[in-house]
Amino acid sequence: MTVFAASVFDATVIYNGQELFKGQGSASMWAEKVAKELGTPITVEKIGTGWALRGRVDGVDCTWGIYGQRLKRFDVSG
């Protein structure tokens, strides 16, 4: 099963309409899972009051948060 279909039951916060990980530790755990699946480095970044996953996939900078207890890619450009 893909990590993107797994349920995210970690604590979250809402910042600027995006659901993010509440803690750096759980975001880091998910970053490791995503990095393993995609075969590319994934980091965590503080965005407002929460933590998001960041990486580069197929030459495109990507940011992931949470939507409906699943990882979701979103745009942070504003």
Side-chain angles (χ1 to χ4, degrees):
M1 176 171 69
T2 175
V3 69
F4 295 99
S7 294
V8 178
F9 288 116
D10 298 293
T12 63
V13 296
I14 304 295
Y15 181 77
N16 283 346
Q18 300 293 343
E19 189 173 5
L20 305 171
F21 291 93
K22 184 175 184 178
Q24 182 179 11
S26 66
S28 294
M29 180 198 65
W30 281 95
E32 289 176 18
K33 292 178 182 183
V34 172
K36 183 177 180 181
E37 181 164 325
L38 297 179
T40 189
I42 303 294
T43 60
V44 296
E45 180 179 311
K46 181 86 168 172
I47 297 178
T49 57
W51 293 87
L53 310 184
R54 298 291 310 255
R56 192 164 180 84
V57 179
D58 296 330
V60 177
D61 290 328
C62 300
T63 303
W64 294 272
I66 304 164
Y67 181 78
Q69 295 181 338
R70 302 287 188 266
L71 290 177
K72 178 188 184 285
R73 189 170 137 186
F74 64 90
D75 180 17
V76 293
S77 65

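Residue numbers start at 1 and run along the sequence shown. Since we're looking at a predicted model, the values are computed, not measured.
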Legend entry - W51 side, atom CH2; S28 side, atom OG - distance, nearest 0.5 Å: 7.5 Å

Inset, instruction - Determine the minimum heavy-atom distance between R70 and S7, stating which atoms define it. - result: NH1-OG, 2.8 Å

Legend entry - Modelled atom types, side-chain donor and acceptor of R73 and T63, under 3.5 Å: no

Legend entry - Shared hydrophobic cluster, L38 / V8 (ILVMFWY, side-chain heavy atoms < 4.5 Å): yes

Inset, instruction - Answer yes or no: are there more than 12 heavy-atom neighbours, outside D61 itself, under 6.0 Å from its atom CG? - result: yes

Inset, instruction - Please check if atom NZ in K36 has more than 12 non-hydrogen atoms from other residues, nucleotides or ligands closer than 6.0 Å. - result: no

Legend entry - Pairwise distance CD(Q69) to CZ(F9) - rounded to 0.5 angstrom: 4.5 Å

Inset, instruction - Report the distance from atom CG of L53 to atom CD1 of I47, rounding to the nearest 0.5 Å. - result: 9.5 Å

Legend entry - More than 12 heavy atoms of other groups within 6.0 Å of F4 CZ: yes

Legend entry - Y67-V34 co-clustered via ILVMFWY side chain contacts under 4.5 Å: no

Legend entry - Student check: side-chain heavy atoms of W30 and V3 closer than 4.5 Å: yes

Inset, instruction - Supply the atom-to-atom distance E37 CD to I42 CD1, rounded to the nearest 0.5 angstrom. - result: 10.5 Å

Indicate every side-chain donor-acceptor pair of residues 11-25 with a distance under 3.5 Å to a residue at least two apart or in another chain.
residue	atom	partner	partner atom	Å
T12	OG1	E19	OE2	2.9

